[in-house]
Q: 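Submitted below is the structure of interest, expressed as structure tokens.
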Amino acid sequence: MTDEEQQIRQYAEQLNRTAFKLVTLLNDIDIEVQERRNRIHIMTPRRKKPKEGCIIQRKDKRFEGRYWQNGKQRSVYARTYDECLVKLNAAIEKRDNAVKEYTLLSWLGDFVTTYKQNEVAPKTYKQMQRDIQLHIQPHVTDKSLPDVRPIDLQRLLSAVPTDRKREDIYNILSGAFRQAVAERLIAYNPMSAVKSRKAERNKGTALTVLEQTDFMFKIKGSPLEYYYSFCLYSGCRLSEALNMTAEDISELNNTVHIRGTKTKLSDRYIPLFDGIKALLPSLPRSGKLFDFKAEYVGRKFKTYCARHTLHDLRHTFATRALEAGVPLKVVQVWLGHSEIRTTADVYSDVTRELSFSEAKKLDTLFRTIERTDN
């Protein structure tokens with residue numbers, strides 16, 4: 001072996017020893033880093049989240065745990081997160097175990113007050129309270145809420161005298177028990193086994209063109225002339241027209257704002273039709289447009305149109321719109337129906353007559369084509 005080869009071999013062995021030392025050093029560093037990570041993980045375990053509700057840190061450095069009970073937000077407080085977590089879980093467990101606190105009647109009262117008072121119109125809210133007092137309370141044993149069985153509710157509904165009122169009571173009970181399940185007051189909804197059927201509704205009938213002409217002649221000069229005319233030309237419900245204000249009408253935007261509350265689409269804007277525009281000079285320039293009681297305008301209507309009810313003016317508006325070729329979807333929006341099926345069902349007789357007239361047009365077209373072919 002030459003001197004040069006021997007020298008290269010010595011360099012290679014030296015590099016191998018250095019590389020071995022580096023690898024050993026790196027392994028020692030990795031082991032130390034992992035040990036430190038393990039120590040850190042043991043010292044600061046991963047923070048747990050509450051099973052329900054939430055925990056926030058307030059400006060005063062305290063921790064606040066929030067949860068819901070009986071439709072209201074509740075809170076617990078602590079100096080540390082872990083202490084707050086323990087308190088929050090204990091409060092939720094206590095709430096879930098307190099199912100015996102509510103009876104059927106006490107829950108119905110709380111349900112209507114908490115969930116329905118700000119959701120429905122004041123008139124509807126008062127009616128729901130009366131329904132509980134007159135049609136539910138006299139016919140049930142006020143059991144603990146979890147002890148109520150489907151047969152108890154079925155017997156209650158059977159005692160309600162009319163189909164329409166029975167449907168109202170069914171809707172109140174269904175909503176109340178659905179919410180009770182959501183609140184974890186009960187584990188099972190007894191209304192899921194209760195049978196009921198929707199009441200048949202009188203759809204009403206629109207005024208014919210001759211009846212409409214006669215009605216408009218009779219109300220001429222009466223105190224209710226402008227109110228009835230507004231109902232006819234807008235398609236408003238009785239209460240919607242009585243709640244109208246001058247500020248709801250915008251001649252600049254050519255719109256009328258109807259503040260309905262019956263369905264999610266009841267609050268709506270309709271065009272400022274010429275019939276409504278013609279009434280404006282005779283209506284107040286600010287505040288409410290009409291100062292009448294609902295019972296009065298409904299009762300007085302019969303003196304001018306004995307064969308119909310005031311609500312039939314709304315049917316008449318829709319009928320005239322469909323006869324003029326306005327699409328059913330547009331009529332739905334103008335009337336404030338939440339579903340187009342409602343519009344189609346209520347005015348099925350009108351659409352059927354229009355269907356026959358359109359069929360005649362199609363028959364005429366086919367006959368014309370056949371004559372051309374010959």
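The first residue of the sequence shown is numbered 1, and numbering continues consecutively from there. We use all heavy atoms of the structure for the numbers below, so side chains are in, but hydrogens, waters and symmetry mates are not.
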Q: So, Gln133 versus Arg130: side-chain donor-acceptor pair below 3.5 Å or not?
A: no

Q: Side-chain contact, heavy-atom cut-off 4.5 Å: Val140 with Asp152?
A: no

Q: Ignoring hydrogens and angles, state whether a donor on the side chain of Gln129 or Tyr125 is under 3.5 Å from an acceptor on the partner side chain.
A: yes

Q: Whether Arg74 engages the ring of Tyr67 as a cation-pi pair (distance to the six-membered ring centre under 6.0 angstrom, angle to the ring normal within 45°) should be assessed.
A: no

Q: Are the ring centres of Tyr227 and Phe290 closer than 6.0 Å?
A: yes

Q: Are the aromatic ring centres of His315 and His311 under 6.0 angstrom apart?
A: yes

Q: Can you classify the ring geometry of Phe317 versus Trp334 as parallel (below 30°), tilted (30 to 60°) or perpendicular (above 60°)?
A: tilted

Q: For residues Asp267 and His257, is any side-chain donor paired with an opposing acceptor at under 3.5 Å?
A: yes

Q: Ignoring hydrogens and angles, state whether a donor on the side chain of Asn89 or Glu93 is under 3.5 Å from an acceptor on the partner side chain.
A: no

Q: Are there more than 12 heavy atoms of other residues, nucleotides or ligands under 6.0 Å from atom OH of Tyr269?
A: no

Q: Return a table of donor-acceptor pairs under 3.5 angstrom between the side chains of residues 291-304 and protein atoms on other chains or two or more places apart.
A:
{"residue": "Lys302", "atom": "NZ", "partner": "Ala306", "partner atom": "O", "Å": "3.2"}
{"residue": "Lys302", "atom": "NZ", "partner": "His308", "partner atom": "O", "Å": "3.0"}
{"residue": "Thr303", "atom": "OG1", "partner": "Lys300", "partner atom": "O", "Å": "2.5"}

Q: Would you check if there is a donor-acceptor pair between the side chains of Thr316 and Thr319 at a distance under 3.5 Å?
A: no

Q: For a quick check under 3.5 Å, do Asp248 and Thr245 share a side-chain donor-acceptor pair by atom type?
A: yes

Q: Honestly curious: do Val181 and Leu145 fall in one hydrophobic cluster under the side-chain, below-4.5 Å linking rule?
A: yes

Q: Hey, does Leu108 have a side-chain heavy atom less than 4.5 Å from the side chain of Leu173?
A: yes

Q: With the side chain counted from C-beta on, respond yes when Ile249 and Leu289 share a heavy-atom pair under 4.5 Å apart, and no when they do not.
A: yes

Q: Contact between Lys116 and Ile172 at the side-chain level, heavy atoms closer than 4.5 Å - yes or no?
A: no

Q: Does a side-chain heavy-atom distance below 4.5 Å link Ile136 with Leu156?
A: yes

Q: Closer than 3.5 angstrom, by distance alone: can the side chain of Arg149 be matched with the main-chain N or O of Pro146 as a donor-acceptor pair?
A: yes

Q: Using a 4.5 Å cut-off on heavy atoms from C-beta on, say whether the side chain of Ile56 contacts that of Arg66.
A: yes

